[in-house]
Protein chains: 2
Amino acid sequence: MKLSTKGKYGLIAIADLALAYKDANEENYVVLKTIAKKRNISEAYLERIVAKLKKGDLVKTQRGSLGGYCLAKSPKEIKISEVLYLLEGPFDVCGCGGKDIVGNSCEKSSSCISNIVCDKINEKIKETIENMTVEDILSSYYLG
Amino acid sequence: MKLSTKGKYGLIAIADLALAYKDANEENYVVLKTIAKKRNISEAYLERIVAKLKKGDLVKTQRGSLGGYCLAKSPKEIKISEVLYLLEGPFDVCGCGGKDIVGNSCEKSSSCISNIVCDKINEKIKETIENMTVEDILSSYYLG
DNA sequence: TTTTATTCCAATCAATTTAGTAGGTTTTCT
DNA sequence: AGAAAACCTACTAAATTGATTGGAATAAAA
């Protein structure tokens, strides 16, 4: 069970944008090629990832020459959960679809044995990433 | 991000074996075909899943006629984490492998932005499933 | 001892997801 | 006009998932 590179690259991009944001303390557009090269990520692939972050209003863009990407809010207003939901989809660790322990379809059954486990896991993950902002992970990094 | 059916089916099988175990209060071998049919799971596929649980000593078997599968310990001695580790592999939500924010390889770097997030998530998931036993989820089920 | 019911095992396969490429279009600044 | 950037669409290769198939080994029962 792993976070895919979508989530990973997305977090990296957000963090780089956050660093630029804090440096400038205002709109500071960063060219994607710069991030891609520095982090050794395929630019075209990263582009599609950041596009999702834009659709989710975490990032805004400036087209044309001197354009680039920029955080749409300050790092402390962006939850890690927002980033990961946009890139990895909802953390429904278990979608189930089978039958529960008494034979009923368990799409939403609380008596489905795997739903019981998954609900607990989901709850904890949610709790964790909804209480963590981009600002938080940046400061962890600075303290590194 | 989802638990695959491996984990789901494994939990279902363990739960069914646990019910049989509690009914008999001793060795009670259950035929896999019974579980597969009741839960509408491919028997051959379920077989390979349960094989892993055997390798991990959560389940023991009796071959031949009148054979079957049986829990190797009591439900309260089996952690959910054991089941999921055997079936889904370690919950390294992020294996990373890229470069960290200052350009160093971040295989284990604490300054890798995605490791910071993933470590936190992993920690919480671990905490959750290591403190949950098969007994626990059965009683949740009974209480419905 | 033969039959039957079961676990066990290895190879294969189809569908899906992931990760990445390629090539071009549009926008905007100089 | 030219250059540099975001934007968009289609394709592909590799890995993973979720099985299926066909049998071999084992052990109880007839």
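Residue numbers begin at 1 in each chain, while the letters A, B, ... track the order of the sequences. In what follows, every heavy atom counts, from backbone to side chain, and hydrogens, waters and symmetry copies are set aside.
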### Task
Indicate yes or no for a side-chain donor-acceptor contact from Glu88(A) to the backbone of Gly7(A) under 3.5 Å, with no hydrogens or angles considered.
yes

### Message
I want to check one thing: is the phosphate of dG18(D), taken as OP1 and OP2, less than 4.0 Å away from some side-chain N or O of Lys6(B)?
### Response
no

### Summary
In whole angstroms, the gap separating P of dG18(D) from CG of Leu87(B) amounts to 11 Å

## Note on the structure
Side-chain atoms of Tyr69(B) come closest, of dA6(D), dG18(D), dT7(C), to dT7(C)

### Protein-nucleotide distance (Tyr45(A), atom OH; dA14(D), atom P), rounded to Å
16 Å

### Summary
Of the listed dA27(D), dT28(C), dT7(C), the closest approach to the Gln62(A) side chain comes from dT28(C)

### Criterion side chain to side chain contact (heavy atoms under 4.5 Å, CB included) against Tyr9(A), the qualifying member of Leu46(A), Ile35(A), Ile14(A)
Leu46(A)

### Query
Would you say a side-chain N or O of Ser65(A) is under 4.0 Å from OP1 or OP2 of dG2(D)?
no

### Summary
Per-nucleotide protein contact along nucleotides 8-13 of chain D, 5' to 3', at a 4.0 Å heavy-atom cut-off (B base, S sugar-phosphate only, - neither), is B-B---

### Message
Mind checking if Lys33(A) touches a base, just sugar-phosphate, or nothing, with heavy atoms under 4.0 Å?
### Response
nothing

### Message
Any side-chain N or O of Lys54(A) below 4.0 angstrom from OP1/OP2 of dC7(D)?
### Response
yes

### Whole-Å gap separating P (dC9(C)) and NZ (Lys52(B))
14 Å

#### Entry: Backbone N/O of Tyr21(B) and side chain of Asn28(B): donor-acceptor pair under 3.5 Å
no

### Query
Is Lys73(B) paired with Asp57(B) through a side-chain N to carboxylate O contact shorter than 4.0 Å?
no

### Task
Please check if the side chain of Ser42(B) supplies one atom and the backbone of Tyr45(B) the other of a donor-acceptor pair under 3.5 Å.
yes

## Note on the structure
Glu43(A) atom CD is separated from dG23(C) atom P, nearest whole Å, by 15 Å

### Query
Atom NZ of Lys60(B) to atom C1' of dT6(C): distance rounded to whole Å?
17 Å

### Query
Given atom CG of Leu46(A) and atom C1' of dA6(D), what is their separation to the nearest angstrom?
13 Å

### Message
Between Asp136(A) and Lys76(A) (salt bridge meaning N to carboxylate O under 4.0 Å), is one present in this structure?
### Response
no

### Query
Between Lys22(B) and Glu135(B), does at least one N-O distance fall below 4.0 Å, as a salt bridge requires?
yes

### Query
For Ile41(B) and dA19(D), what is the distance between atoms CD1 and C1' respectively, to the nearest whole Å?
12 Å

### Task
Kindly say if Ser42(A) contacts the phosphate of dT21(C), meaning a side-chain N or O under 4.0 Å from OP1 or OP2.
yes

### Query
In whole angstrom, what separates Leu53(B)'s CG from dT7(C)'s C1'?
15 Å

### Working for side chain to side chain donor-acceptor pair (under 3.5 Å), residues Thr61(B) and Lys54(B)
CA-CA 8 Å; Thr61(B) 58; Lys54(B) 192 198 169 181; 3.2 Å; yes

### Query
What nucleic acid atoms does Tyr29(B) come within less than 4.0 Å of, heavy atoms only: base, sugar-phosphate, or nothing?
nothing

### Message
For a quick check, tell me whether the side chain of Arg63(B) and the base of dT7(C) share a donor-acceptor pair closer than 3.5 Å.
### Response
yes

### Task
Kindly say if Thr61(B) contacts the phosphate of dT7(C), meaning a side-chain N or O under 4.0 Å from OP1 or OP2.
no

